[in-house]
Visitor: 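Before I ask anything, here is the structure I am working with.
Index from 1, following the sequence. Here the structure is a predicted model, which means the values were calculated and not measured.
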Amino acid sequence: WPGLTRACKMDETMSLGERLARRGEATSEDVAPARDRTRSRPSVAKRASKNAPREVSSRARPAKSKAGATAPRRDPRFEAACGTFQAERFAKSYDFLQAHERAEIDALAAAGEARAVDLRARRNDRLRRDREKALKTELKRTEAAAVANGKRPFFLKRKDLKAKLLDDRFDQLRKAGKLDKFLRRKRAKLAR
């Protein structure tokens, strides 16, 4: 029966439609070629010439490249090759911006914009913090000089530091002629 095994092997490889057609029991639907059930890949775009770019549909999303996803992003500002941040040097280099900022806030206030108040408050807050930092630095410097002269090290308590900062703030207000107004507002606020 060598022909039988050959027929069985052929039956295994043939589709159902082909087997039925061979027997004569097939319909037109059975004989029709089976559709490829795998996803059809989009055809590769043609080029006008080998140097021209491919024409790709703008509707199709581009494939995510794996190289871009694994490569870490870097910010050159924070690399060691660019040096370290020096606050004093930065302040000196961009000192001209304070005058520009003051002029900009005055222009916004003259135009009647509401954000001028917010910008002025931010600026005053930053200036106050800068004054506090300068005062702390000055206190540390005088203490270091006293220690160099043989005095025992002394560190201010928070309470004493706060008192010195308040004295400095009152001195600034007195120089600007705004101390009376400040004290009036403070009393009215406490009276509420």
Visitor: Taking the side chain as everything from C-beta on, heavy atoms only, tell me whether E143 gets closer than 4.5 Å to F155.
Guide: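 Side chain of E143 against side chain of F155, heavy atoms only: no contact under 4.5 Å found.
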Visitor: So does R122 pair up with D118, basic N to acidic O under 4.0 Å?
Guide: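 So R122 pairs with D118 through a salt bridge.
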Visitor: Using a 4.5 Å cut-off on heavy atoms from C-beta on, say whether the side chain of D106 contacts that of R102.
Guide: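 A side-chain contact under 4.5 Å exists here.
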Visitor: Side-chain contact test, heavy atoms from C-beta onward, threshold under 4.5 Å: evaluate it for R185 versus K181 and give yes or no.
Guide: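 Yes - at least one pair of side-chain heavy atoms lies under 4.5 Å apart.
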Visitor: Is L166 linked to L139 within one hydrophobic cluster, defined over Ile, Leu, Val, Met, Phe, Trp and Tyr using a side-chain heavy-atom separation of less than 4.5 Å?
Guide: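 Unlinked, L166 and L139 end up in two clusters.
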Visitor: What residues form a ring-ring contact (aromatic ring centres under 6.0 Å, His included) with F96, not counting sequence neighbours?
Guide: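 Expected list: none.
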Visitor: With a 4.0 Å cut-off, would you call R128 and E132 a salt bridge?
Guide: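 The answer is yes: the pair qualifies as a salt bridge.
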Visitor: Taking atom NZ of K178 and atom CD of Q172, what is their separation to the nearest 0.5 Å?
Guide: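 Separation between the atoms: 11.0 Å.
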Visitor: If I take atom CG from residue L156 and atom NZ from residue K136, how far apart are they, to the nearest 0.5 angstrom?
Guide: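 Reported to 0.5 Å precision, the distance equals 11.0 Å.
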Visitor: Whether R126 and E101 form a salt bridge (side-chain N of Lys/Arg under 4.0 Å from carboxylate O of Asp/Glu) is what I want to check.
Guide: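 Counted as a salt bridge, because a side-chain N and a carboxylate O are separated by less than 4.0 Å.
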Visitor: For K92 and D95: C-alpha separation, side-chain torsions, deciding distance, then whether salt bridge (charged side-chain N to carboxylate O under 4.0 Å, His left out) applies.
Guide: CA-CA 5 Å; K92 285 178 185 174; D95 192 35; over 6 Å; no
Visitor: Look up atom OG in S93 and atom CD in E88, then write down how far apart they are to the nearest 0.5 Å.
Guide: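 The CD atom of E88 is 11.0 Å from OG of S93, to the nearest 0.5 Å.
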Visitor: Determine whether F154 and L165 fall in the same hydrophobic cluster, where Ile, Leu, Val, Met, Phe, Trp and Tyr are linked whenever their side-chain heavy atoms lie under 4.5 Å apart.
Guide: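 Yes; tracing contacts between hydrophobic side chains, which count when under 4.5 Å, links both residues.
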Visitor: Minimum heavy-atom separation for D171 to R174, with atom names?
Guide: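 Heavy-atom minimum between the residues: OD1-NH1, 3.0 Å.
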Visitor: So, are D125 and R120 salt-bridged, with charged N and O less than 4.0 Å apart?
Guide: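 No.
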Visitor: Locate the shortest heavy-atom distance separating L135 from K164; write the atom from each residue and the value.
Guide: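 Nearest heavy atoms, L135 then K164: CD2-O, 3.8 Å.
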Visitor: Who clusters with I105? Use side-chain heavy atoms, under 4.5 angstrom, across I, L, V, M, F, W and Y, and order the result by chain and number.
Guide: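 Via sub-4.5 Å side-chain contacts, I105 links to L108, L119.
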Visitor: Shortest non-hydrogen contact from C82 to P76?
Guide: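 Looking at all heavy atoms of both residues, the shortest contact is SG-O, 2.9 Å.
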Visitor: Can you get from F182 to L190 by hopping between Ile, Leu, Val, Met, Phe, Trp and Tyr side chains that sit under 4.5 Å apart?
Guide: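 Unlinked, F182 and L190 end up in two clusters.
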Visitor: Of all heavy-atom pairs between A109 and A116, which one has the smallest distance, and what is that distance?
Guide: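 Heavy atoms only, the tightest pair is N-CB, 3.6 Å.
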Visitor: Return the CZ to NZ distance between F170 and K175, rounded to the nearest 0.5 Å.
Guide: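 That separation rounds to 14.5 Å.
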